[in-house]
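One structure is given here, and the rest of the page talks about it.
Naming: A, B, ... by sequence-line order, numbering from 1 per chain.
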Amino acid sequence: MRMAHLFGRTIREAPADAEFPSHQLMVRAAMIRPLGAGIYSLLPLGYRVIRKVEQIVREEMDAIGGQEMLMPFVHPADVWRRSGRFDAIGPEMVRLKDRGDRDMVLAMTHEEVVTDLTGTEVSSYKQLPQIIYHLQSKFRDEPRARGGLIRVREFTMKDSYSLDADEAGLDESYRQHAIAYTRIFERLGLDFIRVGADVGMMGGSASDEYMAFSPHGEDIILICPNGDYAANREVAEFQADTPEREELLPMEDVETPNAPTIQALADQLEFPLSRTAKAVFYKSGTGKFIFVVIRGDLDVNETKLRNAIRESELIPATAEEIKAIGAEPGYGSPLGVKDCLIVADQSVVRSPNLVAGANRPGWHVRNVNLGRDYEAEVVADIAAATEGARCPICGTPMQARRAIEVGNIFKLGTRYTTAMGATYLDQNGKAQPVVMGSYGIGIGRSAASVVEQNYDDRGIVWPISIAPFHVSLLTIGKDDDVRAATDQLYADLQAAGIEVLYDDRGERPGVKFNDADLIGNPVRLSISRRTLDNNEVEMKLRTEPDAELVPLDGVVGHVRGFVDRLLAELAPSA
RNA sequence: CGGGGCGUGGCGCAGUCCGGUAGCGCACCGGUAUGGGGUACCGGUGGUCGGAGGUUCGAAUCCUCUCGCCCCGACCA
């Protein structure tokens, strides 16, 4: 590609609203342009990156027996009603009507369509197992898009679906996907980890996420330094510490003016947070009042709480609602409250003689004990793990790291096939629901995550597997013979199968060097008066600080070797 | 949706408080010199000041409504 005719210009200053490095750099490097909130055009340079990511995904999906297909982007609502998700999913699903006033939705995922197809295409155990996939647009009307390609509303996802006869088959399909995903993210050059995750709106029995490390990640994962455990904070378990055994003391009122927060209370009583019981109030989607008791030094993990009480929605309770059950905001305790579900974190079971609220302003109660002074309907681990929480396997303090979710795999089981009647006949001629898994990779998000992990103060540093081009070729100066030599090298490199972005613009050398660094192709070649007079080409790798001079007549083979070596470095480990 | 902020040439901004002919830098076009890290100078092109309504002799500026975008929180690839 000749840069003089490239559609899209690099810009010096990033738009003021771009905050993430990947967002700023991809806009500046003429790879993406916003059209609306969370809606982007991919310019030619950016689309080359995306196509390479897609190709890697294709190759690895094909390698585990995936069959590529394509399902529609606009769905009749009916298919979503059959799965029950038309009503279950909130406003993140875009609903519209066609001219016949029929309800339609924009695809936010494709389980329903796959299940519908499974019903028509699969009828015998002999046809199983199957893995099908496609690369297709999704639209999720996110409450808040952000961060360039990291979190958008319209995006391309590789989603695949496994169809198996039984759970054992699903386990194998899941395992195969795990292998493919590891290979894909290794080939992208990502620093990532696979972690256990929450099943969320997908439902099903198991889920793992592929998380690319980044300080801008929206998720926090907890990692055992011994490699025993890694999980999303949403579900991360940890070993509760075991407080010293104490005799249960009688309750005792204590005056605590101006201590409406747990920290203020602890300061006032000169008491560690871990010796207090904190009350947290929620209203569930089904209208139940949820009274959570947790030790003062811990925070509620709402995902764990939702799972523990089997509620899909939790809303913080209002002061009026809190008073209605007999509690006092800021001084709440489970003592004597009514009309609510009391949920205790496991931490309060083990911790005796806590300070809790007295349900009247300005007063707390010492030595409150679960089981003696109040009862909890549910006792579970609902605490959020934090940095330093102890590994549930080995007890070592865990690290907390931010990460971007680039892939997610789910064991769905028969949740969709049962609801929608997708069955096959087994060896005995008996109808069985097909057992399903679903597996996603965000294509643009993966590319942006690569940028988040590979940039410097000059621009993007692409791994060669998904760089827009292998080589940036610069002609320096205006001399005709320099220009002619660069033109020739451009042709020779292309003939050798090397992808070249040729900066043939009449720009100053500094402009070309800066743009080459910004765009971030792995190899930079420059020909100038000086190098041509010595029959040399300057070659510099984007990752290296220094350039080297290569004889002009051997440069194509030399570059070919570098490109092959760089590609080989990204070969999957297994 | 709740809270905060911003809309002025393609990008970054000033002007708004205190109404009086729309400005600066970059980019873009023409020219001269220059030619290995965003070169200098000269001359240009380009803007319904997000939109609608109102107040006023006069509105980017004041008022009302509205649309869009960004940031912080609850969701997800």
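Pairing for B:U45 is absent, with no Watson-Crick or G-U wobble pair whose two atom distances lie under 3.5 Å. In this structure, B:C24 forms a base pair with B:G12, meeting either the Watson-Crick or the G-U wobble geometry with both donor-acceptor distances under 3.5 Å. Pairing partner, B:U61: none, since no Watson-Crick or wobble contact has both distances short of 3.5 Å. Base pairing analysis places B:U32 opposite B:A40; the two distances defining the Watson-Crick or G-U wobble pair are each below 3.5 Å.
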B/S/- along nucleotides 27-38 of chain B (protein heavy atoms under 4.0 Å) is SS-----BBBBB
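Remark: C1' of B:A77 and CG of A:Leu190 are 13 Å apart, rounded to the nearest angstrom. The distance between atom NZ of A:Lys138 and atom P of B:C76, rounded to the nearest whole Å, is 16 Å. Atom CG in A:Leu35 sits roughly 15 Å away from atom P in B:G10 (whole-Å rounding). Between the CE atom of A:Met31 and the P atom of B:C11 there is a distance of 19 Å, rounded to whole Å. Atom CZ in A:Arg144 sits about 15 Å away from atom P in B:G4, given to the nearest Å. Counting to the nearest Å, the P atom of B:G10 and the CZ atom of A:Phe7 are 14 Å from each other. Rounded to whole Å, atom P of B:C75 lies 13 Å from atom CD of A:Glu209. A:Met108 places its CE atom 9 Å from the C1' atom of B:C75, with the value rounded to the nearest Å.
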Measure all distances between protein nitrogen or oxygen atoms and nitrogen or oxygen atoms of nucleotides 13-16 of chain B, and list the pairs falling under 3.5 Å.
none

For nucleotides 49-51 of chain B, list the nitrogen or oxygen atoms of the protein found under 3.5 Å from its nitrogen or oxygen atoms, one pair per line.
none

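Not less than 6.0 angstrom separates the ring centroid of A:Phe192 from the ring centroid of A:Phe213.
With hydrogens and angles ignored, a donor-acceptor pair under 3.5 angstrom links the side chain of A:Arg151 to the base of B:C76. With hydrogens and angles ignored, a donor-acceptor pair under 3.5 angstrom links the side chain of A:Arg445 to the base of B:C76. Counting distance only, with no hydrogens placed and no angle test, the side-chain atoms of A:Asp219 and the base atoms of B:C76 include a donor-acceptor pair under 3.5 Å.
Under the 4.0 Å criterion applied to side-chain N and carboxylate O atoms, A:Asp456 and A:Arg542 are assigned as salt-bridge partners. Note on A:Glu538 versus A:Arg530: no salt bridge recorded, every NZ/NE/NH1/NH2 to OD/OE distance being 4.0 Å or above.
Listed by chain and residue number, A:Asp515 satisfy the side chain to side chain donor-acceptor pair (under 3.5 Å) test with A:Thr10 (two or more places apart in sequence, or in another chain). Annotation: side chain to side chain donor-acceptor pair (under 3.5 Å) contacts of A:Arg58 (sequence neighbours excluded): A:Glu68.
Sorted by first then second residue, the salt bridge (Lys or Arg N to Asp or Glu O under 4.0 Å) pairs that include residues 3-12 of chain A, not counting sequence neighbours, number zero.
Residue A:Arg146 is classed as a sugar-phosphate contact, given heavy-atom separations below 4.0 Å to backbone atoms only. At the heavy-atom level, A:Val27 lies nowhere under 4.0 Å from the strands shown. Among the atoms of the strands shown, none is found under 4.0 Å from any heavy atom of A:Ala18. Using a 4.0 Å heavy-atom distance criterion, A:Ala145 is classed as a sugar-phosphate-only contact.
Rounded to the nearest 0.5 Å, atoms OG (A:Ser162) and OH (A:Tyr174) are 10.0 Å apart. A distance of 12.5 Å separates NE2 of A:His216 from NE2 of A:His23, quoted to the nearest 0.5 Å.
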